[in-house]
Peer 1: 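This is the structure, below, for whatever I ask next.
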Amino acid sequence: MVIKNTAVSKLVQEFKLLVDEPLKKYTSFKIGGPADLLALPKDKLELKKLIKKASVLDIPITLFGGGTNVLITDKGIRGLVIITKHLKSKIYTAQAGLQKKTIYVEAGERLSKVCLFAVQHSLSGLEDAAGIPGTVGGAIMMNAGTRTWNISDSLESIDVFDKNTLVFKTIKRKKLDFSYRQLNQSGIILAATLVLTPKPREEIEIIFKENLTRKNMVQPVSAASAGCFFKNPVSGKSAGELIDNSGLKGMKINDAMVSEKHANFIVNTGNASCEDVLLLKKHIQKIVLKNYHIKLETEVRLQGE
Ligand code: EPU
């Protein structure tokens with residue numbers, strides 16, 4: 001990107017924006033072309049100022065959390081990408097009625113740290129989140145979860161910032177439209193209040209550790225991937241089973257491969273491009289459709305030009 005516009009060049013200087021920054025550095029898939037402009041604001045105030053100025057200049061804005069559930073195109077993302085992972089502060093707890101407690105956490109906090117905090121404070125509710133990568137903000141946008149739990153189950157409210165009106169507001173859980181791996185809500189998530197139940201720490205710890213051990217055993221957690229690639233069908237066999245039973249484990253297109261460990265993971269074994277992953281995705285969908293008459297839908301979000 002050649003910056004000809006003086007106003008944009010001022011924005012770059014003021015907010016120390018990175019220009020033509022490869023996004024593969026910021027995604028767990030290690031895939032993705034450049035962002036024209038990239039920002040890593042250190043707090044809410046800086047984020048607000050940046051959005052205000054970028055909006056005046058009509059620069060399109062894309063938000064990123066931990067980059068753990070996205071597939072970025074090889075051409076990358078036009079406009080400004082804002083990574084919210086530095087938006088974090090102390091985690092606060094509060095009593096909520098007689099039986100419950102809440103924890104307040106900023107959006108850039110890693111979900112793994114929040115899980116640990118809950119265990120250390122004898123708070124139950126996030127045991128299923130053991131080992132889920134990414135930030136709290138990203139997990140809420142994706143309604144991250146397992147077969148039996150979604151983060152929306154543990155949510156009391158979120159704090160969002162409206163890009164257009166530049167107003168902060170708190171939205172209660174019951175006003176939020178969550179579906180499977182999705183939150184339909186505009187605005188930038190800045191923080192969340194989770195509602196948890198006090199329980200003996202040992203009980204929570206045992207379940208948490210069991211979940212983590214199981215996840216490490218069945219999923220390729222240390223490989224470069226974006227987690228489960230396809231959504232599970234509403235009923236019947238899981239996406240992993242359908243792909244596995246179709247004999248596709250280990251199938252490769254260049255460096256994009258169906259994991260040998262869990263068939264619903266596409267892993268980047270070295271230098272896979274987005275195009276390689278998309279070709280592999282199409283192939284998987286074609287074979288599963290032929291074998292089971294089921295059209296697998298992607299869970300991972302494709303972003304970019
Ligand atoms: N299976 C196979 N072959 C495979 C993988 C799985 O036969 O290669 C079978 C398993 O034996 C099991 C069934 O498929 O009977 C379900 O597998 P698993 O328990 O691994 O759960 P999943 O439905 O594949 C879901 C979430 C995961 C989450 C786990 C935790 C989705 C799409 N996936 O996986 O979430 O970690 O439950 O139990 O909802 C993610 O969203 O990125 C993700 C990884």
Side-chain angles (χ1 to χ4, degrees), residues 27-31 64-72 110-112 114-116 124-155 178-183 204 206-252 256-269 277 280-281 283-285 287-288 291-292 294-303:
T27 67
S28 56
F29 228 151
K30 308 269 177 273
I31 292 174
F64 254 49
T68 54
N69 212 68
V70 286
L71 173 60
I72 309 298
R110 299 208 81 83
L111 189 57
S112 55
V114 184
C115 288
L116 209 64
S124 167
L126 296 180
E127 293 86 325
D128 272 26
I132 296 183
T135 60
V136 171
I140 295 171
M141 276 317 285
M142 280 304 300
N143 196 12
T146 61
R147 293 209 129 202
T148 49
W149 170 89
N150 298 311
I151 197 157
S152 54
D153 301 333
S154 304
L155 207 60
F178 280 107
S179 50
Y180 176 57
R181 300 288 172 268
Q182 193 160 337
L183 165 62
I204 304 168
I206 287 172
I207 299 172
F208 184 82
K209 281 188 180 154
E210 271 174 15
N211 287 338
L212 198 60
T213 308
R214 185 175 177 279
K215 195 172 166 78
N216 289 337
M217 221 162 66
V218 302
Q219 295 181 5
V221 289
S222 50
S225 83
C228 281
F229 198 87
F230 297 99
K231 292 178 180 175
N232 278 336
V234 184
S235 60
K237 288 187 168 58
S238 69
E241 262 178 292
L242 296 171
I243 301 167
D244 190 356
N245 294 350
S246 298
L248 290 168
K249 271 186 171 172
M251 157 98 203
K252 246 183 144 180
M257 185 179 91
V258 178
S259 164
E260 302 268 12
K261 207 168 178 185
H262 193 301
N264 196 11
F265 281 66
I266 293 181
V267 295
N268 175 4
T269 62
V277 174
L280 187 56
K281 169 202 125 158
H283 182 74
I284 296 168
Q285 284 173 321
I287 301 292
V288 170
N291 291 347
Y292 296 97
I294 292 172
K295 169 96 199 280
L296 288 178
E297 280 178 42
T298 36
E299 174 186 315
V300 168
R301 295 201 182 162
L302 180 67
Q303 284 182 307

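Order of appearance sets the numbers: ligands from 1, and atoms from 1 within every ligand. In this text the structure is predicted, and so the values were computed from the model without any measurement.
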Peer 1: When only distance counts, is Thr146 in polar contact with ligand 1, meaning an N/O pair under 3.5 Å?
Peer 2: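 So ligand 1 has no N or O lying under 3.5 Å from an N or O of Thr146.
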Peer 1: Please determine whether any non-hydrogen atom of Gly145 lies less than 4.0 Å from an atom of ligand 1.
Peer 2: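 Within the 4.0 Å threshold, so yes.
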Peer 1: So which of Glu241, Lys231, Lys237 gets nearest to atom 15 (O) of ligand 1, if we judge by its closest heavy atom?
Peer 2: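 The residue whose heavy atom sits nearest atom 15 (O) of ligand 1 is Glu241.
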Peer 1: So is Lys249 in contact with ligand 1, going by heavy-atom distances below 4.0 Å?
Peer 2: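 So Lys249 counts as touching ligand 1.
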Peer 1: What's the shortest heavy-atom distance between Leu111 and Ala139, and which atoms?
Peer 2: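 Heavy-atom minimum between the residues: CD2-CB, 4.0 Å.
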Peer 1: Tell me whether Phe230 reaches ligand 1 (any heavy atom closer than 4.0 angstrom to a ligand atom).
Peer 2: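 Heavy atoms of Phe230 do come under 4.0 Å of ligand 1.
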Peer 1: Using a distance threshold of 4.0 Å (strictly less than), state whether atom 44 (C) of ligand 1 has a protein heavy-atom neighbour.
Peer 2: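 So far as the 4.0 Å threshold goes, atom 44 (C) of ligand 1 is in reach of a protein heavy atom.
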Peer 1: Surrounding NZ of Lys295 (heavy atoms of other residues, nucleotides or ligands, distance under 6.0 Å), is the total greater than 12?
Peer 2: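 Open: at most 12 neighbouring heavy atoms sit under 6.0 Å from NZ of Lys295.
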Peer 1: Which option wins on minimum heavy-atom distance to atom 13 (C) of ligand 1: Pro233, Gly240, Ser238, Cys228?
Peer 2: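 Shortest heavy-atom distance from atom 13 (C) of ligand 1: Ser238.
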Peer 1: Do you know the tightest heavy-atom contact between Phe29 and Asn268?
Peer 2: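 Closest approach of Phe29 to Asn268: O-ND2, 2.9 Å.
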Peer 1: With atom 4 (C) of ligand 1 as the reference point, say which of Asp244, Asn245, Ile243 has the nearest heavy atom.
Peer 2: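 Of the listed residues, Asp244 has the closest heavy atom.
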Peer 1: Any N or O of Phe265 that comes nearer than 3.5 Å to an N or O of ligand 1?
Peer 2: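 No, Phe265 has no N/O under 3.5 Å of an N/O on ligand 1.
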Peer 1: Starting from atom 8 (O) of ligand 1, locate the nearest protein heavy atom and write down its residue, its atom name and how far away it is, to 0.1 Å.
Peer 2: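 For atom 8 (O) of ligand 1, the nearest protein heavy atom is Ala263 N, 2.8 Å.
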Peer 1: May I ask you to check whether Val218 has an N/O atom sitting below 3.5 Å from an N/O atom of ligand 1?
Peer 2: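 There is no such contact.
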Peer 1: Provide, to 0.1 Å, the distance between atom 22 (P) of ligand 1 and the closest protein heavy atom, together with that atom's residue and name.
Peer 2: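 Here the nearest protein heavy atom works out to Asn232 ND2, 4.0 Å.
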Peer 1: Examine the proximity of ligand 1 to Tyr180 and report which part, side chain or backbone, both or neither, has a heavy atom under 4.0 Å away.
Peer 2: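 Side chain only.
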Peer 1: Are any of the heavy atoms in Arg214 under 4.0 Å away from ligand 1?
Peer 2: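 Yes, Arg214 has a heavy atom closer than 4.0 Å to ligand 1.
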Peer 1: Are any of the N or O atoms of Gln219 closer than 3.5 Å to those of ligand 1?
Peer 2: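 Between Gln219 and ligand 1 (N or O atoms, distance only) the closest approach is under 3.5 Å.
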Peer 1: Are Phe229 and Thr298 close enough, and set up right, to give a side-chain contact (heavy atoms from CB on, under 4.5 Å), and what steps lead you there?
Peer 2: CA-CA 6 Å; Phe229 198 87; Thr298 36; 3.2 Å; yes
